[in-house]
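Take a look at the structure set out below.
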Amino acid sequence: EVQLQASGGGLVQAGGSLRVSCAAAGFSFGRYAVGWFRQAPGKEQEKVSCVNNIDGRTYYADSVKGRFTISGDLNKDTVLLQMTSLKSEDTAVYYCALSYSCDFPKALHWGQGTQVTVSS
């Protein structure tokens, strides 16, 4: 069974750090691009970051550049998003998803999401 699991969310104070993880089961991350998206009430869904495990390309939204870092351990089929200098605006449910490239021409699968709450 193919499964994509997001975890690591929680409550953190503004200016703090948090790491969320995306783990794959039943398939190999090496064949896909893995993206992090976030959705907050009243806001449009935003593509936060992405790593293309096929060609190594990465993507960061302007809103998180310099603060978030995406990395992967393909041997463990895990993609990490290290979030630092967190702001209240970062509060959202964070989802990881699969596609063929970081342009996300098609989202093949979505994880269940993990809640990140930044308190001010």
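Residue numbers count from 1 along this sequence. Side chains are part of it too, since the values below use all heavy atoms of this structure and drop only hydrogens, waters and symmetry mates.
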So, are Lys65 and Asp62 salt-bridged, with charged N and O less than 4.0 Å apart? yes

In this structure, are over 12 heavy atoms from other groups packed under 6.0 Å from Arg19 atom CZ? no

Check this for me: Tyr100, atom OH, are more than 12 non-hydrogen atoms of other residues, nucleotides or ligands nearer than 6.0 Å? no

Taking side chain as C-beta onward, heavy atoms only, is [X] less than 4.5 Å from [Y]?
{"X": "Arg38", "Y": "Ser63", "result": "yes"}
{"X": "Lys43", "Y": "Glu89", "result": "yes"}
{"X": "Met83", "Y": "Val118", "result": "no"}
{"X": "Leu4", "Y": "Phe27", "result": "yes"}
{"X": "Gln115", "Y": "Thr91", "result": "yes"}
{"X": "Arg67", "Y": "Asp90", "result": "yes"}

Are [Y] and [X] co-members of a hydrophobic cluster defined by side-chain heavy atoms under 4.5 Å apart?
{"X": "Val93", "Y": "Val12", "value": "no"}
{"X": "Tyr95", "Y": "Tyr32", "value": "no"}
{"X": "Ile70", "Y": "Tyr94", "value": "yes"}
{"X": "Val34", "Y": "Leu108", "value": "yes"}

If you measure from [atom1] on [X] to [atom2] on [Y], what distance do you get to the nearest 0.5 Å?
{"X": "Phe29", "Y": "Thr78", "atom1": "CZ", "atom2": "OG1", "answer": "7.0 Å"}
{"X": "Leu86", "Y": "Gln13", "atom1": "CG", "atom2": "CD", "answer": "11.5 Å"}
{"X": "Phe68", "Y": "Trp36", "atom1": "CZ", "atom2": "CH2", "answer": "11.0 Å"}

Going by disulfide (SG to SG under 2.5 Å), name the pairs with one or both residues in residues 12-47, residues two or more places apart or in two chains. Cys22-Cys96

Looking at every non-hydrogen atom in both residues, tell me the closest pair between [X] and [Y] and how far apart they are.
{"X": "Gln45", "Y": "Phe37", "value": "NE2-CD2, 4.1 Å"}
{"X": "Tyr59", "Y": "Cys102", "value": "CB-CB, 4.4 Å"}
{"X": "Pro105", "Y": "Ser99", "value": "CD-OG, 3.4 Å"}
{"X": "Asn52", "Y": "Ser101", "value": "ND2-CA, 3.6 Å"}
{"X": "Gly35", "Y": "Phe104", "value": "N-CZ, 3.6 Å"}
{"X": "Ser49", "Y": "Leu81", "value": "CB-CD1, 3.9 Å"}

Can a donor-acceptor pair be found between the side chains of Ser7 and Gln5 at a distance below 3.5 Å? no

